[in-house]
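For reference, the structure is listed below as structure tokens.
All values reported here derive from a predicted model rather than from experimental measurement. One-based numbering, in listed order, for ligands and for the atoms of each.
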Amino acid sequence: MSSRFPEIFRRYQATRALSRTLAAPLSDADATVQSMPDASPAKWHLAHTSWFFEAMVLQRFSKDYAPFDPAFGYLFNSYYEALGARHPRPRRGLLTRPTLDSIYAYRDHVDRAVEAFFQRAFCEAAGELIELGCHHESQHQELLLTDILHLFAQNPLRPAYKERASDEAGEATPVRFLAFAGGLAELGAGVENFAYDCERPRHRVFVSPYRLADRLVTNAEWIAFIDAGGYGNPLLWLSEGWAKRLAEGWTAPLYWERREGAWWTMTLSGLRRVDPAAPVAHVSYFEADAFARWCGKRLPTEAEWELAAEPLPMRGNFLETGRSRPAAAEGEGLRQMFGDLWEWTSSPFSPYPRFRPAEGEASEYNAKFMCGQFVLRGGSCVSPKAHIRATYRNFFPPDARWQFSGVRLAEDS
Ligand SMILES: [Fe+2]
């Protein structure tokens, strides 16, 4: 039996329990509705993460496993072509049945089977897939909250997922740019600990000297960009971004609205005044890029970001703080690198040199998305802390705004 058995078992139980905790404030209706094709209902997240263990582990390694419901493979497969046909993504919100209660029963069924499997048939290959399934579920925990925020923002009542007292910070410290020497450096995950396939292999890169902002761009700075006509000046924008801005009518970050001369924004605690000192959130790559150009700066590359992040302790405003909103920068030095907001980089999500996708069904996890997306780094205020690493490569299309995404500026030195 692997020496990592207890660690993976603990992680499995903690991860599964956290999903239940996060979904606890939601009614069946809250958990069923889908606000747009990119977002999934909470019920679907809860079921799909269970399906992942069922399809990747139980049906492959546990010979006597009886599926909870044979129809669920069709309903809750996301994008795995090798695992069969699936319900179309934009129609996930039409699944009023199965009920939320039956999804919880499905989760219990899978948990009992996985835990029994741990006791009698645990093997290295299955252990690796269970570990992958835990990280996969952590990803979906963040998505569940991200998608609930989008759903609740469509409701004129602007409901709160979780009430929380206001904690405006007032004024941000002036931004400083910290110098990094660059040079020949190593990037990517080693072989010792868990990492997704796209974070490997560790490889050498040459990085020219650069400077990185010591904090994220704030709401106050973003309001200055709006007031200076940043959303109306095509010279600041990439062509594709400008077309999107026109088509979608963007004039401010997603969720911002103007009421009686002030900016407000939708949060997981309901509608709140925009806090000038807090980092700007829910902006697309296109907006981040236009803002950087307006400042005479640029977005960092993912190599620049990772080199700066690697020596830092894994501390930040993650899901565990309970804040579920980005916080103003505090203290000294390079701040907000982990937690608060995912940081857009200028790097396209493409394979590292000598990349090999994971083997088997998990080969579809990342590799097939390496086209037309940009890398984001560092995790957010709704990322479970244990899910984030300095080498972690998140990725979204350049027009995505509903993620907890923000901006850190860089420049050449
Ligand atoms: Fe998934």
Side-chain angles (χ1 to χ4, degrees), residues 11-12 15-16 18-20 22-23 31-32 34-60 67-68 71-93 95 98 103 106-107 110-111 114 128-151 194-199 319 342 349 357-371 373 375-376 379-380 382-384 386-388 392-397 400 402-404:
R11 187 174 190 115
Y12 180 82
T15 304
R16 299 289 286 171
L18 179 58
S19 295
R20 289 289 285 256
L22 295 176
T32 297
Q34 180 176 28
S35 56
M36 65 166 170
D38 280 342
S40 296
K43 205 162 75 178
W44 189 90
H45 287 298
L46 293 168
H48 162 71
T49 47
S50 306
W51 166 83
F52 192 92
F53 289 109
E54 191 172 63
M56 294 277 178
V57 180
L58 296 172
Q59 290 180 329
R60 285 175 63 190
F68 179 79
F72 279 16
Y74 178 80
L75 294 183
F76 300 123
N77 177 1
S78 51
Y79 54 66
Y80 295 86
E81 301 287 348
L83 293 173
R86 72 210 76 93
H87 185 63
R89 180 177 180 136
R91 299 170 68 83
R92 289 175 185 167
L95 300 176
I103 296 304
Y106 176 40
R107 290 183 65 86
V110 168
D111 286 345
V114 170
E128 282 177 16
L129 285 165
I130 292 172
E131 191 174 32
L132 175 66
C134 293
H135 285 270
H136 170 252
E137 186 148 346
S138 297
Q139 261 181 316
H140 278 276
Q141 288 163 352
E142 168 155 4
L143 290 171
L144 185 152
L145 294 177
T146 304
D147 293 351
I148 281 293
L149 173 59
H150 190 267
L151 174 66
F194 176 86
Y196 290 119
D197 55 1
C198 61
E199 298 168 57
L319 174 68
W342 288 101
F349 183 54
E359 293 190 350
E361 279 85 351
S363 67
E364 293 187 59
Y365 202 105
N366 289 305
K368 70 182 188 182
F369 300 110
M370 289 175 169
C371 177
Q373 317 216 41
V375 173
L376 300 100
S380 83
V382 288
S383 309
H387 187 55
I388 301 304
Y392 193 111
R393 309 173 79 198
N394 199 359
F395 53 91
F396 277 93
W402 92 112
Q403 294 297 311
F404 282 77

Phe68: partners by ring-ring contact (aromatic ring centres under 6.0 Å, His included), with sequence neighbours left out =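 Listed in chain order: Phe72, Tyr106, His109.
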Can you name the ring-ring contact (aromatic ring centres under 6.0 Å, His included) partners of Phe349, sequence neighbours left out?
->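 Residues passing ring-ring contact (aromatic ring centres under 6.0 Å, His included) with Phe349: Phe395.
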Close to the Fe ion (ligand 1), meaning under 2.8 Å, how many protein N, O or S atoms are there?
->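 Every protein N, O or S atom under 2.8 Å from the Fe ion (ligand 1) counted, the figure is 3.
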Would you sort out whether Glu81 and Arg86 count as a salt bridge (charged side-chain N to carboxylate O under 4.0 Å, His left out), showing the intermediate values?
-> CA-CA 9 Å; Glu81 301 287 348; Arg86 72 210 76 93; 3.0 Å; yes
Set of residues satisfying salt bridge (Lys or Arg N to Asp or Glu O under 4.0 Å) with respect to Arg16, sequence neighbours excluded =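 Only Asp111, Glu137 meet the salt bridge (Lys or Arg N to Asp or Glu O under 4.0 Å) criterion with Arg16.
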Aromatic ring proximity, centroids under 6.0 angstrom, Phe76 and Tyr74 =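 They do not qualify: ring centres at least 6.0 Å apart.
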Taking C-beta and beyond as the side chain, do Ser40 and His48 meet within less than 4.5 Å on heavy atoms?
->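 Contact flag for Ser40/His48 side chains = no.
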